[in-house]
Each structure stands twice: as C-alpha cells, then as structure tokens.
**Student:** 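My structure is below; once you've seen it, I'll send some questions.
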Amino acid sequence: MGRIHILSENVANKIAAGEVVERPASVVKELLENSLDAGSNRIKIHVEAGGKKLIQITDDGCGMVRDDALLAFERHATSKIKNAEDLLTIATLGFRGEALPSIASVSRLRLETRAPEEASGTVVEINGGKIFKVEEAGLPAGTSITIRDLFFNIPARKKFLKAESTELSHIASLVTHYAMAHPGKHFELHSATNAMLVAPPVSDHSQRVYQVFGKEVLDQMIPVAALQPLARIGLPQPPPWKREQDEEEQFPVDPGEVRLHGFVSKPEIQKLNRNSIFLFVNGRLIRDRSIQHALTEAYRNIIPPTVFPVVLLFLELPAAEVDVNVHPSKTEVRFRQQGIVHDFVRDSVRAVLMKAQPVPQFAVEIHAHPTASPSLTPGAQPGTMEAAAAWRSFYAPVEAPGFALQQPPVPQVNERLQFSGGILVEANAAVSLARVPLATEVDGCTPPVEDEPEAPSELGLSLGTLKPLGQIRESFILAVNHEGLWIIDQHVAHERVLFEKVLKQRAAQRVESQRMLMPLVVELTPAQQAVFAEIAEELAHNGFEAEPFGSRSIAVKIAPAGVDATAVEHMLHELLDQLSREEQQLNLEKVRSRIAASIACHAAIKVNMPLEQNKMEWLLAELAKTEFPMSCPHGRPVVLRYSMKDIQKAFKRI
Ligand code: ADP
Ligand code: MG
C-alpha cells in the first residue's frame, strides 16, 4: 500500500460526508476494513463490555512507517486514493481517510505498528484526539490498535449506547460475516475470556459456512454460482466521432463481467425480517434495496410474501460499475447498471431454487421432546466457536421444536402442526390464507436434523411414483413410494396445479371462464376501486368480465372457471386489498401471479373434503407435472416426506 497523504480539499469535498463512529460495532467495522485493506492474513479482535470498554484489533498486514503512523490521524489522510478520478474505481474498503481521526477523537487510542521492511516500529497514543505519546519500539510486523473507553469525552453519546450484549451481538455478526467473505484468512474474536470465533483459513466459502455454523446450517443452504458478461447496455455513450482517445481507456472495450456466488436458504427456512440477508459487493458488506427486491422476486410464490430467506451472497463486478461513495459508513452502493444487476441476481437465485426443489422432511427424532436442547455446532471443527449457537440463529430456520410422532397422531383441524425445519402447516389452509405469517420465532434452538441419505431424486419424478393410500381427516393425502411415506396437503397441492395452469392459460390468452347465472354486484372501497381500475384489463384477460355498476360497485358477469359464485366476491376483495398493500409499484408480472394465485386458491379442492382414489391419483399426477411442486403459490409446503432411512432408524433397524 502506498504512503499516506492528505487529500486535496477538492477531493475531500467529493466524499460522502457524515459521522462514521456511531457505536462499538462501527469502530470494529472501520478497523477491520483497514486491516483487510492492509493485506492482512490474520486478524484478531478482542473486546470487553461489548466494545464499550475495550476494542483491540491486531493484524499482520503492511503496517505503517513512523510518519504515516502520525499522518493517519489527520482528517482526509489516506493511502488509498489520490484524486477525484480514483473515486470512480475504488478497489479498497476504505478511501475516506476519516475513520482513524474520528475514532481517536472520541476514545483513548493506542496504535502499535511496524512495516515489515522497517527495523523498529512506532507507538502512538492519543486521548480524545490529542496526541500525547509517540515513541519507537520493537514490535511485530503489522498493526495493533487498542481503543479504550469509547465516547468517554461525549457522555451524551455514551448514554445512548445499547446494552453490552446488544453491542456484542452486532460486533459478532459483523466479524462473522467478514470471516464469511474471506475464507482464506484467519479471524478471531474474543470477548473478555470467551473465544467467540476462531476461524483458521479454509479453501472456500462452503467450508467456511461449515466451519462457523456447522453442517446443519450448510445443509439448509443452496449454493449459488453464476456469471454474466456485462454489456454497456443503456449507458449514455457519445457518438464514435466524438469519442476521445482516453475515453477508450476509461471505458475499456471489454466491460468485464458480473459474478455472483454464495448461498440462499431452502424455502422451508423462513425468517420474520431481513436480518439474515447478507450481501457483499466486491468484498464490502452492504444493504441494497434493489437487490433485496431481486431476492423477493426470486422467492416469489416459493415462500410467503411476509417472510424472508437467509442469504449470503457475494457479488463481484468491475470497480467502475459500482459507486461506493454514497454513504459515510460505506454501507450502500450505487450500481451503474442497476437493472442488469437486479435481474441477474433475481434470475440466478430463482434458477437454483427451481432446480433444488427440496422436499420438507419429517424430523427423525422419534423421541423428540419439544424442549430438547439444541445440539451445539454439530460437525464444527474443534476450536471453532464455542458460542456459535448464540448467533447461529442468524441462519437457523424459524425455529420450532422437533415434530414428535407420538404427539397427537391425528391433526386437529385448525391446529397448527409443527414440523422439523421450522415448517408450520395449518390444517385448514383454505381459510387461512390471509393469516400470514405462518411462522413464529420460537427460540434460539435448532432442532437436530439428520443426514438425508438418499440422493433426493427430482421431485417431479418422485411424486410421479406415489401411490395414495387414503386421507387423514379428509384433508391430507397419505401416499407411499420406495423413498418413504409422504403426506400431501390436498388443498395446497391443487392450488399449485391450478396456479401454474392459470399462468399458462393466461400466456396463451385462454383462461377458462364461466358465466354467472346473475351478475354479481360487488361493492368496493376507494382503495379497492383504485387498484381495480389499474388491473381491470389484466382481470379481463384472466377470465373476469366486470363493469362499473353505480359509483362504488362493479357487476361481475363472467368469472374464472372453478371459482364458486359465492367465492367470487371474497376473492376480489382479497386480491384488491393485497395489491393495494404492495409497497413496490405493481408490475404486470406480479399482478398476473397474484391473480393466478388467487384464482388457484379459490378454485382448489378444499380441506375436509373426501376424495375418491382416482381423484387422489389424478391430483398427485398433476402435481408431479408442475414446475415447482414443493410449495404452493403462497409459499406453504405442499408435501412432507418421511424417508425410508428415517423410518428404519425410528424402528432401530439401522
Ligand atoms: P481510509 O481507510 O479511508 O484510508 P482511515 O482513517 O481508516 O482511512 O486510515 C487512514 C490510513 O491509515 C489508511 O489509508 C492506511 O494507509 C493507514 N492504516 C489504517 N489502518 C491500518 C492498518 N491496520 N494497517 C496498515 N495501515 C493502516
Ligand atoms: Mg479505513
């Protein structure tokens, strides 16, 4: 890394301004980023009292020579950029030259550093921004920075810090995720005497997930890897005769490529907020609305719209394609070609989800006690993380105790059944669609999950071989094949079949419909009217014929086939309400899929309905033909499988 210099006022003024030291975790973030920028391979962090009392970070990076060790505490002093153009192609995590001076002004700081090529190192001590000691010392190569008593001179800020445990969990989450991003480096985090994370180098990201979170979590995730060459689509370009020579250099002919890799959770893992979505862009942990949206789109109709997946994604693209100078704490970026990045993430994630089609499993624990304590980091390497379980909850599914087979053997209608893997299935799904979220956070434990032995064959093929045995309470179909015992929710299975059918018919412009005996007058609220006006044409393409009737009502003359006349009004209200609550602007694809989901839901076979053998066979065969047979359009699971191995295990045969 080059020598430190102070940025000119002109460049400094172009840098997104703002406070970076907000809390102990933000100090750790800045120092950690500095260590990574310094090319360190070993980074050790020690905190006390959630970082309020002490934060110490030691690295084996490039260190600083004496002059630099002093310059580093000046505002806008950095070795990472020089001029305004450099701001367009930032390849380091830092570039603002503000972290060290800001941290030094609100704490008691001690810096020990030595560049490997120097014989001795430098110690600098600063109290509340005032340098009071600079001395030469024999030191190991690298840098160690110790921050004591954060905000000791700003009592008002200190008062607003959260509890130690909260601050510590932020720090732990941050360090863990940077460790995820750099599997080839050694990371350690200690809180007082407690080793929270010890992660020696491993060869790739999946090994890191395994090392830090254990096999159980790795098994819940689906790997993603995709690449797309970038074309400079949509970027304003001067005409060829106006292009300057150096412009060619600035925008090389090959615009490079965008790469995505990482992990996304299987559909049965459902979190109540976005806290388990981690996105790195060129090694930088960021938040980004457009990528959040791309993920929501990827999981559309796979998980319910009110829950969120667990995501750990690394997006890499040429530095010139990302503007990181957007936010003072560098947690937001701007993509030059946002639309392309959005669609690339959506399509890549969607593709792996469609391919994986994992089937929810029954828990294997035949003696499972609902309160059984969670197993700690199964499969974790010795010495990995003692406290892994504490924040494994970032990755754990919406936790539910294992499903015990000796619990009520016959499901009570209206009762929620809890299956391993955090799936909650409502027995009378038909009437409960509006009652999402289905899942509730229970506690920090993850039920033990066993290895899935048989390589899961393609779900469609497996379903095609099912032989239905009968129904449980006229709601769930029991079926078998050589893989084991299956339970199929008849309503949601039919919903999935109809959903795909309606979408196909819509694409071919021939959604089946039926004429009502008498026009059905449906009264609409103003919000519903507004949505109706917007989607009337699309409704018409989906087998509805409705026209305004008075100022506040519509008269429906034709409705989609299969939907009972009595259900039409309810269905329209539900659909219009749902669309009026949408935060994002409605797009045609979303409207189409909502309408199809709504028709499917109201036309599908209900629960509490006896089915003849041939009807069950027909339903399973139709389900087998669907593109995504494992969850309904609202994201509920459709089938559960009790595998042969689990059955044998339960009978203590293996
Ligand atoms: P920035 O990271 O934006 O350049 P900082 O205030 O965080 O600004 O750091 C100032 C400079 O101090 C850096 O540009 C870098 O040259 C040097 N520096 C900071 N931390 C380290 C470290 N751990 N190892 C080597 N050099 C460092
Ligand atoms: Mg920095």
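Every number for a ligand or one of its atoms is a count from 1 in the order of the listing. Predicted, not measured: the structure shown is a model, and the values here were computed from it.
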**Student:** Report yes or no: does G63 have a heavy atom closer than 4.0 Å to ligand 1?
**Tutor:**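 Yes, G63 has a heavy atom closer than 4.0 Å to ligand 1.
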**Student:** Would you mind finding which of A77, A99, G94 brings a heavy atom closest to atom 10 (C) of ligand 1?
**Tutor:**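 Of the listed residues, A77 has the closest heavy atom.
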**Student:** So, does P101 sit close enough to ligand 1 that a heavy atom of it is under 4.0 Å from the ligand?
**Tutor:**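 P101 counts as a contact of ligand 1 under the 4.0 Å cut-off.
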**Student:** Under 4.0 Å, counting heavy atoms only: does K80 come that close to any atom of ligand 1?
**Tutor:**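 Yes.
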**Student:** Of the options T92, D86, N34, which is the one that meets K80 in a side-chain hydrogen bond (donor to acceptor under 3.5 Å, both in side chains)?
**Tutor:**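 Of T92, D86, N34, side-chain hydrogen bond (donor to acceptor under 3.5 Å, both in side chains) with K80 is met by N34 alone.
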**Student:** Strictly by modelled atom types, are E136 and S120 linked by a side-chain donor-acceptor pair under 3.5 Å?
**Tutor:**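 Present: a donor and an acceptor within the cut-off.
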**Student:** Within ligand 1, which atoms have a heavy atom of E98 less than 4.0 Å away?
**Tutor:**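 This gives 6 (O), 8 (O) as the contact atoms.
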**Student:** Only heavy atoms count here, so choose which of A115, S35, S79 is nearest to atom 15 (C) of ligand 1.
**Tutor:**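 Nearest heavy atom to atom 15 (C) of ligand 1 lies in S79.
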**Student:** Less than 3.5 Å between some nitrogen or oxygen of D37 and one of ligand 1, yes or no?
**Tutor:**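 Not met; the criterion fails.
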**Student:** Heavy atoms only: which of T143, I145, N34 is nearest to atom 9 (O) of ligand 1?
**Tutor:**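 Heavy atom nearest to atom 9 (O) of ligand 1 belongs to N34.
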**Student:** Quick check: L100 and ligand 1, any N/O pair under 3.5 Å apart?
**Tutor:**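 Yes, at least one N or O pair falls under 3.5 Å.
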**Student:** Establish, from distance only, whether the side-chain atoms of Q207 and S203 form a donor-acceptor pair under 3.5 Å.
**Tutor:**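 Yes, S203 and Q207 have a side-chain donor paired with an acceptor closer than 3.5 Å.
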**Student:** Could you tell me whether the side chains of E257 and Q228 share a donor-acceptor contact shorter than 3.5 Å?
**Tutor:**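 No donor-acceptor contact under 3.5 Å links the two side chains.
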**Student:** Check each atom of ligand 1 against the heavy atoms of R96 and keep those under 4.0 Å away; list them by number with element.
**Tutor:**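 So the atoms of ligand 1 that pass are 3 (O).
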**Student:** Are any N, O or S atoms from N34 nearer to the Mg ion (ligand 2) than 2.8 Å?
**Tutor:**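 It does: N34 brings an N, O or S atom closer than 2.8 Å to the Mg ion (ligand 2).
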**Student:** Are S290 and D288 linked by a side-chain donor-acceptor pair shorter than 3.5 Å?
**Tutor:**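 The criterion, which ignores hydrogens and geometry beyond distance, is satisfied for D288 and S290.
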**Student:** For a quick check under 3.5 Å, do Q292 and R289 share a side-chain donor-acceptor pair by atom type?
**Tutor:**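 Not at all, the side chains of Q292 and R289 share no donor-acceptor pair under 3.5 Å.
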**Student:** Please classify the I4 to ligand 1 contact at 4.0 Å (heavy-atom distances, strictly less than): side chain, backbone, both or neither.
**Tutor:**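 For I4, only side-chain atoms sit under 4.0 Å from ligand 1.
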**Student:** Salt bridge or not for E164 and K52, using N-O below 4.0 Å?
**Tutor:**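 So E164 does not pair with K52 through a salt bridge.
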**Student:** If we only count N/O pairs under 3.5 Å, is A38 in contact with ligand 1?
**Tutor:**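 Looking only at distances, the answer is no, because the N/O contact criterion of under 3.5 Å is not met.
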**Student:** For R96 and H76, test the side chains for any donor-to-acceptor distance below 3.5 angstrom and give the result as yes or no.
**Tutor:**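 R96 vs H76: no donor-acceptor pair found between side chains.
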